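Heads up: the structure comes next, in C-alpha cells.
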Amino acid sequence: MDFIVKTIEYGSPEYEASIDLRNDLFRKPWGLDIRDEDLSSDKFMKMYGLYDKDKLIATTFIAHKEDKVCQIKSVAIAKSYQRKGLGKFMMQYAEDIAKSDGYEKVFIMGRVSAKDFYEKIGYITLSEPFDYHTIPHIYMEKNLI
C-alpha cells in the first residue's frame with residue numbers, strides 16, 4: 001500500500017473527515033458525539049492526515065503548550081488499518097515535526113489501554129489514571145533531545 005501524509009487545514013473537507021474518523025473511534029463506541037464538543041482549539045494545532053489513495057486512514061495533531069513543550073493529540077487509526085505499525089509511524093511523524101519546530105519535550109494524554117504501546121516508543125507515565133469522556137487516560141511524556 002502507498003500511503004501519503006498531508007497537512008489538514010482547519011475547516012476543510014479533510015478536517016471534516018478527521019472529525020468523522022475521531023468520532024468513530026473515540027466517541028461513538030461510548031454513545032457520545034464529538035460534534036457536541038467545542039473543537040475550536042483545533043484551529044491552533046498542526047494537523048496531519050495519513051491517506052491510502054484519497055481515503056483518510058489516520059490522524060495526528062500537534063498543539064503548542066509552552067516554551068519547548070507540545071502535545072501530540074488525536075492519534076486515530078481507522079479500525080481496518082490498526083495493528084499495521086501506523087500508530088508508531090504517526091507518532092514518529094509528529095515527533096519529527098515537533099523536533100524540527102524546536103520542541104524538546106512532548107506529552108500525550110493517552111488511553112490506559114494504550115500505555116504499553118506508548119512505553120515501547122519511549123514515553124514515561126506522569127499521572128495516575130483519570131477518566132476522560134468515561135475512558136481511563138494517563139498523561140505521558142517523552143524527551144525529544
Side-chain angles (χ1 to χ4, degrees), residues 1-66 68-126 129 132-145:
M1 292 184 214
D2 291 323
F3 300 126
I4 185 167
V5 177
K6 298 179 189 176
T7 300
I8 296 174
E9 297 296 330
Y10 182 79
S12 68
E14 294 81 9
Y15 175 70
E16 291 299 317
S18 82
I19 293 172
D20 291 339
L21 178 63
R22 292 182 288 155
N23 201 29
D24 288 344
L25 294 169
F26 299 152
R27 300 295 187 275
K28 283 184 179 179
W30 292 270
L32 303 171
D33 188 335
I34 200 169
R35 291 182 185 275
D36 292 337
E37 300 169 29
D38 178 5
L39 302 176
S40 61
S41 64
D42 288 356
K43 69 179 125 191
F44 303 108
M45 295 185 221
K46 288 188 170 188
M47 301 181 285
Y48 302 94
L50 182 67
Y51 292 82
D52 184 359
K53 297 183 177 56
D54 291 330
K55 179 181 178 183
L56 178 67
I57 61 168
T59 62
T60 189
F61 295 4
I62 303 170
H64 173 80
K65 289 300 175 184
E66 59 187 64
K68 308 288 184 192
V69 180
C70 68
Q71 180 181 7
I72 295 177
K73 303 177 72 167
S74 300
V75 180
I77 313 298
K79 284 192 185 290
S80 60
Y81 290 86
Q82 292 178 1
R83 309 245 183 259
K84 299 180 187 311
L86 298 180
K88 182 177 179 181
F89 172 82
M90 293 303 285
M91 288 297 294
Q92 187 63 58
Y93 188 88
E95 290 171 10
D96 289 347
I97 297 280
K99 196 171 185 179
S100 71
D101 285 349
Y103 291 106
E104 295 176 0
K105 186 180 287 188
V106 63
F107 77 94
I108 60 166
M109 181 179 71
R111 291 181 177 191
V112 170
S113 61
K115 180 181 178 204
D116 290 346
F117 164 75
Y118 290 117
E119 286 176 341
K120 285 179 187 170
I121 61 171
Y123 285 77
I124 59 167
T125 302
L126 297 176
Y132 179 74
H133 294 288
T134 74
I135 311 297
H137 281 69
I138 51 174
Y139 286 110
M140 301 181 83
E141 74 176 9
K142 180 178 183 179
N143 288 319
L144 297 176
I145 55 170

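Please read these numbers as outputs of a predicted model, since none were measured by experiment.
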Per-pair distances, 0.1 Å, donor-acceptor, side chain in residues 110-117, under 3.5 Å, sequence neighbours excluded:
none

Asp54 atom CG: more than 12 heavy-atom contacts under 6.0 Å: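 Result for CG/Asp54: open.
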
Show the atom names and distances, to 0.1 Å, of all donor-acceptor pairs under 3.5 Å that link a side chain in residues 55-66 to residues at least two apart or in another chain.
{"residue": "Thr59", "atom": "OG1", "partner": "Ser74", "partner atom": "O", "Å": "2.7"}
{"residue": "His64", "atom": "ND1", "partner": "Tyr103", "partner atom": "OH", "Å": "2.7"}

Side chain to side chain donor-acceptor pair (under 3.5 Å) partners of [X], counting only residues at least two apart:
X	value
Asp33	Asn23
Gln92	Asp96
Glu16	Arg35
Glu95	Tyr123, Lys142

Check: Ile8 main-chain N/O paired with Glu14 side-chain donor or acceptor under 3.5 Å: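 Side chain of Glu14 to backbone of Ile8: no pair is present.
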
Kindly compute the distance separating [atom1] ([X]) from [atom2] ([Y]), expressed to the nearest 0.5 Å.
X	Y	atom1	atom2	answer
Leu25	Asp20	CG	CG	11.0 Å
Ile97	Cys70	CD1	SG	10.5 Å
Ile121	Ile108	CD1	CD1	7.0 Å
Lys105	Asn143	NZ	CG	5.0 Å

With Phe89 via ring-ring contact (aromatic ring centres under 6.0 Å, His included) - residues at least two apart: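 Partners of Phe89 under the ring-ring contact (aromatic ring centres under 6.0 Å, His included) test: none.
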
side-chain contact (heavy atoms from CB on, under 4.5 Å) partners of Glu37, counting only residues at least two apart: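 By the side-chain contact (heavy atoms from CB on, under 4.5 Å) rule, Glu37 matches Arg27, Ile34, Leu39, His133.
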
Test side-chain contact (heavy atoms from CB on, under 4.5 Å) applied to Ile4 - qualifying residues, sequence neighbours left out: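 Ile4 satisfies side-chain contact (heavy atoms from CB on, under 4.5 Å) with Lys6, Tyr51 once adjacent residues are dropped.
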
Can you confirm whether [X] sits close enough to [Y] that some side-chain heavy atom of one is under 4.5 Å from a side-chain heavy atom of the other?
X	Y	value
Gln71	Met45	no
Met140	Thr125	yes
Glu141	Ile124	yes
Ile138	Tyr118	no

Ring pair (Phe, Tyr, Trp, His ring centres under 6.0 Å) partners of residues 16-46, not counting sequence neighbours, each pair once: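 Every pair satisfying ring pair (Phe, Tyr, Trp, His ring centres under 6.0 Å) with a residue in residues 16-46: there are none.
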
Pair listing, salt bridge (charged side-chain N to carboxylate O under 4.0 Å, His left out) test, anchored in residues 69-81, at least two apart: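 Non-adjacent pairs meeting salt bridge (charged side-chain N to carboxylate O under 4.0 Å, His left out): zero.
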
Leu50 vs Tyr93, side chain to side chain contact (heavy atoms under 4.5 Å, CB included): CA-CA, chis, key distance, verdict: CA-CA 10 Å; Leu50 182 67; Tyr93 188 88; over 6 Å; no

Atom of His137, atom of Ile135 and distance for their closest heavy-atom approach: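 Minimum heavy-atom separation between His137 and Ile135: ND1-O, 2.8 Å.
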
Pairs satisfying side-chain hydrogen bond (donor to acceptor under 3.5 Å, both in side chains), at least one member in residues 39-48, at least two apart: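 Passing the test, one end in residues 39-48: Tyr15-Asp42, Arg22-Asp42, Asp38-Ser40, Lys46-Asp101.
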
